[in-house]
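Everything below concerns the one structure shown next.
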There are 2 protein chains.
Amino acid sequence: MTVPDDPQRAPARGYVPLDEIDRVLARELVADGRATLAHLAATAGLSVSAVQTRVRRLESRGVVRGYTARIDPEAVGSMLSAFVAITPLDPSQPDDAPARLEQIPEIEACYSVAGEDNYMLLVHVESARALEHLLQKIRTAANVKTRSTIILQKFYGDRRHIPD
Amino acid sequence: MTVPDDPQRAPARGYVPLDEIDRVLARELVADGRATLAHLAATAGLSVSAVQTRVRRLESRGVVRGYTARIDPEAVGSMLSAFVAITPLDPSQPDDAPARLEQIPEIEACYSVAGEDNYMLLVHVESARALEHLLQKIRTAANVKTRSTIILQKFYGDRRHIPD
DNA sequence: TCTGAAACAGGCCAAGC
DNA sequence: GCTTGGCCTGTTTCAGA
């Protein structure tokens with residue numbers, strides 16, 4: 001008899017559930033990446049040293065991959081953001097688009113996706129003209145066609161949820 | 001620390017270019033959100049106090065909107081990520097989809113976009129079954145149709161470019 | 001793993017240029 | 001706006017439970 005799929009069941013590999021204290025610490029560090037150990041200790045109800053050990057463990061396990069400042073693109077002159085879906089023009093060629101595009105700084109993110117297109121990029125540029133130039137650069141660098149979706153407004157972003 | 005909304009803060013329209021030192025500091029804080037003032041000072045070739053003043057100014061101007069830990073979704077049990085494009089079923093109704101979806105924690109980001117669909121969401125769930133449940137929740141909460149694109153791999157993300 | 005204490009490093013602020 | 005310098009807070013390490 002086959003065991004039925006059970007959404008409750010823990011995923012098979014590469015994932016060890018965090019205990020409640022680690023989840024509290026991770027959530028606090030998402031909310032404030034510069035939170036002091038003293039503040040985390042007060043939040044978690046532990047001593048500073050115990051919290052330090054746990055935070056180091058979250059980092060070494062790869063749960064926390066690093067810390068970053070959240071930058072407002074418009075405040076640094078990137079007035080236009082877009083999703084750019086790309087698909088190779090020649091499917092018989094080896095597909096190394098992510099490597100070919102890695103050095104283009106306007107590309108914030110690159111995902112391979114299942115669906116009509118092969119990859120989805122998130123890009124930030126200063127103007128419509130800059131987007132035109134960027135798209136040409138992407139098309140020639142990776143031999144792809146592009147389909148762009150202009151972002152009008154970001155309602156929220158960077159909300160990283162730590163499930164129970 | 002999340003930088004609080006501050007009426008003093010310069011709106012993004014009326015963008016004032018950063019000087020070279022501020023760009024260096026912003027890039028360093030993107031690379032390491034917990035970089036010490038002493039490290040930033042060494043990088044920028046300034047005293048610690050001068051750097052402290054500049055970092056605070058970047059925060060109060062809204063260039064740096066806060067700091068956050070970068071979390072690996074798979075390490076916290078979110079094994080499946082997707083873009084979900086949504087469009088209201090009834091265009092005559094007021095469109096408050098972002099507000100209606102704000103409380104759903106699986107939604108990391110919500111953008112309004114120009115194109116075939118009205119909004120693009122980025123979501124993280126633990127399983128295909130959880131995605132099915134999330135999509136139903138989104139459809140009923142916002143009275144929208146959904147079009148999902150499964151993310152197979154994230155090649156890079158969270159690269160925030162500070163242009164010269 | 002936790003706590004607590006002591007030594008060290010970093011953040012903060014005022015005064016002067 | 002930058003620098004120096006003094007004070008205070010946060011971080012690190014270690015011994016002990």
Which parts of residues 26-44 of chain B get close to DNA chain D, meaning a heavy atom less than 4.0 angstrom away?
B:R34
May I ask you to say whether A:D22 pairs ionically with A:R57, meaning some side-chain N is under 4.0 Å from a carboxylate O?
yes
Only residue of B:R159, B:K154, B:R160 satisfying salt bridge (charged side-chain N to carboxylate O under 4.0 Å, His left out) with A:E108 is B:R160
Any chance the side chains of A:T68 and B:R70 put a donor and an acceptor closer than 3.5 Å?
no
Please evaluate residues A:D164 and A:R27 with respect to the criterion salt bridge (charged side-chain N to carboxylate O under 4.0 Å, His left out), reporting the C-alpha separation (whole Å), side-chain torsions for both, the decisive distance (0.1 Å), and the verdict.
CA-CA 11 Å; A:D164 292 327; A:R27 287 183 191 124; 2.8 Å; yes
Bending between helix ends of the helix from C:dT1-D:dA17 to C:dC17-D:dG1 [5 pairs per end, 10° resolution]
30°
With sugar-phosphate meaning primed atoms plus P, OP1 and OP2, does B:V48 contact a base, only sugar-phosphate, or nothing at under 4.0 Å between heavy atoms?
nothing
Which two nucleotides bound the region of DNA chain C that has atoms under 4.0 Å from heavy atoms of chain A, read 5' to 3'?
C:dT1 to C:dG11
Nearest heavy atoms of B:P163 and A:S78, plus distance in Å:
CG-OG, 4.2 Å
Compare every heavy atom of A:A141 with every heavy atom of A:L101, then report the nearest pair and how far apart it is.
CD2-CB, 4.2 Å
Range on DNA chain D touched by chain B, heavy atoms, distance below 4.0 Å:
D:dG1 to D:dT11
Chi angles and distances behind the salt bridge (charged side-chain N to carboxylate O under 4.0 Å, His left out) call for B:R54, B:D19
CA-CA 11 Å; B:R54 279 172 173 273; B:D19 68 19; 3.1 Å; yes
Are the side chains of B:I86 and B:K145 in contact, using a 4.5 Å heavy-atom criterion?
no
Kindly write out the residues that satisfy ring pair (Phe, Tyr, Trp, His ring centres under 6.0 Å) with B:F83, not counting sequence neighbours, or none if the list is empty.
A:F83, A:Y111
Residue list, ring pair (Phe, Tyr, Trp, His ring centres under 6.0 Å) with A:F155, at least two apart or on another chain
B:Y119
My understanding is that only one of A:E106, A:R129, A:H124 makes a side chain to side chain contact (heavy atoms under 4.5 Å, CB included) with A:L134; could you say which?
A:E106
Ion pair check, B:R56 and B:E59, cut-off under 4.0 Å:
no
